[in-house]
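To start, the structure under review is shown below, and the notes come after it.
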Number of protein chains: 2
Amino acid sequence: MVSSKEVAKHAGVSQSTVSRVMNDPSKVSKVARESVLRAIEELNYRPNSVARSLVNKKTKSIALISGPLHNPFFVETTTSIINFAKEYGYHTNVHFENFGDNMSLYKDVLSHKFDGLILSSIFYDDPIFEELKKLDVPFVMFNRKHQSGGHYVEIDNLAAGKLAAEHLLKLGHRDIAWIGGDLRTTTFHGRYKGFLDEITEQGIRLPEHFIQVNDTTQKEVHRAIESMLASKKRPTAIFAATDSIAIFILDYLLEKGYSVPDDISVIGMDNINWSSHHSFQLTTVGHDGPKNLGQLAIEHLMDLMNSKEKQEKINITVQPKVFVRKTTKEL
Amino acid sequence: MVSSKEVAKHAGVSQSTVSRVMNDPSKVSKVARESVLRAIEELNYRPNSVARSLVNKKTKSIALISGPLHNPFFVETTTSIINFAKEYGYHTNVHFENFGDNMSLYKDVLSHKFDGLILSSIFYDDPIFEELKKLDVPFVMFNRKHQSGGHYVEIDNLAAGKLAAEHLLKLGHRDIAWIGGDLRTTTFHGRYKGFLDEITEQGIRLPEHFIQVNDTTQKEVHRAIESMLASKKRPTAIFAATDSIAIFILDYLLEKGYSVPDDISVIGMDNINWSSHHSFQLTTVGHDGPKNLGQLAIEHLMDLMNSKEKQEKINITVQPKVFVRKTTKEL
DNA sequence: AGATTATTTGAATACGTATTCAAAAGTTTT
DNA sequence: AAAACTTTTGAATACGTATTCAAATAATCT
């Protein structure tokens, strides 16, 4: 690779001058500038971003720790984040949550330098929070939050859980199942609690096998629904904690010959784009705004990184509403 | 940030020794090593990856230029690529193809250092190819290829187009529409040519409005199908050049009250995971293997980057087959 | 023990850029 | 034309690490 030093020699100036031409051409005389530009052209010089980062202490890149892309929610947020970051001249290093062991993932992520971090992977009591604080790197959580606060962007999961329960109760359902993911995340915990509070308030108690907490892959969701339907006591409606889970459930039910919503109602959560597809027409609960949570997160991260004054705590909780479509019906 | 120099001072050794402890602890005596490790612990030292990259001339990161994630094909390949790269200790910088102007995207991508590149964005006669050659950075193309060769992983698009056409012809269809993307990419070009060759061989000539070449977003696909169906002469079957397009078409048709395949048959291409979902049951043409094209691409990129000997040209063309499901039927 | 060999160490340097500082060259003012 | 500024320049240095090289220390052999 050709360096600024070689360009300098070729142009008959000092390396400093080459550097100036790259960063602030007005600081250099016309003759020198043109000579340098010619040399750059001829040698096909490209400044080494690594060396540049070393002195600037800026990498112009951010890290994203996302949930898995088999959940379309994260497809939408990841797209928003990468595109927005790009507008600001940042590259995005993408990582996926590692369900077994997030700590080793964090270690890996932190082994490279970056200027800011967005993560959706955090547990409510995750020790990574303190470590990030210590590292003094700007970060914002989206979709989930941490007990210690920090900057986060979320949906009101408790309210969302309540809304879903209300919707099903209003339709006359009493035997309602829940299928969701790890309750150590605020997302699932909040949605579950909201749901359960509402159900309990109506004096309903659910059999144990109506509550399935699992990994959120297609395979695991199919296993969960299968074991649930194998029992003599079956639910008339299923509350899936994410649209992604709901869509996996639809797949299973249709494959097995069930009709939705005639045999069984299904409600999801997140209002992802796919849920409105006319092959699904999934009833769901979610946010109704032009910006997804990832978009909100990256916008605020940019603020954090690029304004010198100490920022206010970013604590955004958007409100959910029910999107009634065709997968739920009166009992 | 605490540096190795500070650790050295704290531990009463030289910076060299700290560096040795980080890279090859066996090169340092037990007492020194322990003293250094203690200092590292106490100061919460983390080696600066940027400085490291500068001397090593390795960033341990790769760049990925992917198609948009609203196409689930790229969701699958992106996931495979990131995860595989991670196994090898590489971070992945993700970029999305910029339909209007890929040249500015390439410029942006190249402004950061990386050790290898995977791209699906290339045009058949894209000038970026020569530039990448000059830069001497290992890269492999997937899904598409370039006229000059290079390393690539693709499906046999010509054969795939033929297969789709054959399938529809065998079902008795003669009025077949095509909806696809930019023909400057080998993907769309090959699929189109294979389709057209087969159709033409049967003596069929299609009206102009049966061929729609567009951007592949939901909006554009809806516009294309809408204009096509507005005409008096309508197709009995549609060949969508990707499953993603096919699924957008399904959405439109169902929304407008058409029944698939009773009113109109639809065949896709890629055999993405979603196509087998029981809400779609999309007939499609694709590769039938455990590894998607992204996976194959990253595996070969790792070979390129990590073996010192000059590698053979990687030219992989996997063979497609028809997956008959429920969106096509006899006329 | 003395000689030889092996291990451990730190000083110096390189990686490629940006920036500071003082000197040089060029401009304007009187 | 000298004095007072302004602009342009290059040498030197810093960023934080890995590595080379020679010196110092420890271990092994005769």
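Note on naming: letters A, B, ... go to the chains in the order of the sequence lines (proteins, then strands), and numbering restarts at 1 for each one.
- Atom CG of A:Leu54 and atom P of D:dT13 are 18 Å apart (whole Å).
- The side chain of B:Ser29 contributes no N or O atom lying less than 4.0 Å from OP1 or OP2 of C:dT8.
- Spacing between atom CG of B:Asn56 and atom P of C:dT13 amounts to 21 Å, rounded to whole angstrom units.
- Relative to the ring axis of A:Tyr124, A:Arg184 does not place its NZ or CZ within 45° and under 6.0 Å from the centre.
- A:Met1 places its CE atom 12 Å from the C1' atom of C:dG16, with the value rounded to the nearest Å.
- Between A:Ser53 and C:dT17 there is no side-chain polar atom (N or O) within less than 4.0 angstrom of OP1 or OP2.
- The shortest distance between the side-chain N/O atoms of A:Ser14 and the OP1/OP2 oxygens of D:dG10 is below 4.0 Å.
- A salt bridge links B:Glu97 with B:Arg144: at least one charged nitrogen is closer than 4.0 Å to a carboxylate oxygen.
- Counting non-hydrogen atoms of other residues, nucleotides and ligands closer than 6.0 Å to NE2 of B:His300 gives a total above 12.
- The distance from atom NZ of A:Lys5 to atom P of C:dA18 is 14 Å, rounded to the nearest whole Å.
- Counting any heavy atom pair closer than 4.0 Å across all strands shown, B:Val28 reaches sugar-phosphate atoms only and no base atom.
- Side-chain to base pairing of A:Ser16 with D:dA11: one donor and one acceptor N or O lie within less than 3.5 Å of each other.
- Within residues 19-27 of chain A, the residues having any heavy atom under 4.0 Å from DNA chain C are, by residue number, A:Ser19, A:Arg20, A:Asn23.
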Please table the atom pairs, donor to acceptor, closer than 3.5 Å between any side-chain atom in residues 80-87 of chain B and protein atoms at least two apart or in another chain.
unit_1	atom_1	unit_2	atom_2	d
B:Ser80	OG	B:Glu76	O	3.1
B:Ser80	OG	B:Asn292	ND2	2.8
B:Asn83	ND2	B:Thr79	O	3.3

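- Closest to the side chain of A:Lys57, from the set D:dG10, C:dT17, D:dG16, is D:dG16.
- Taking the six-membered ring where the residue is Trp, the centroids of A:Phe139 and A:Phe129 are separated by under 6.0 Å.
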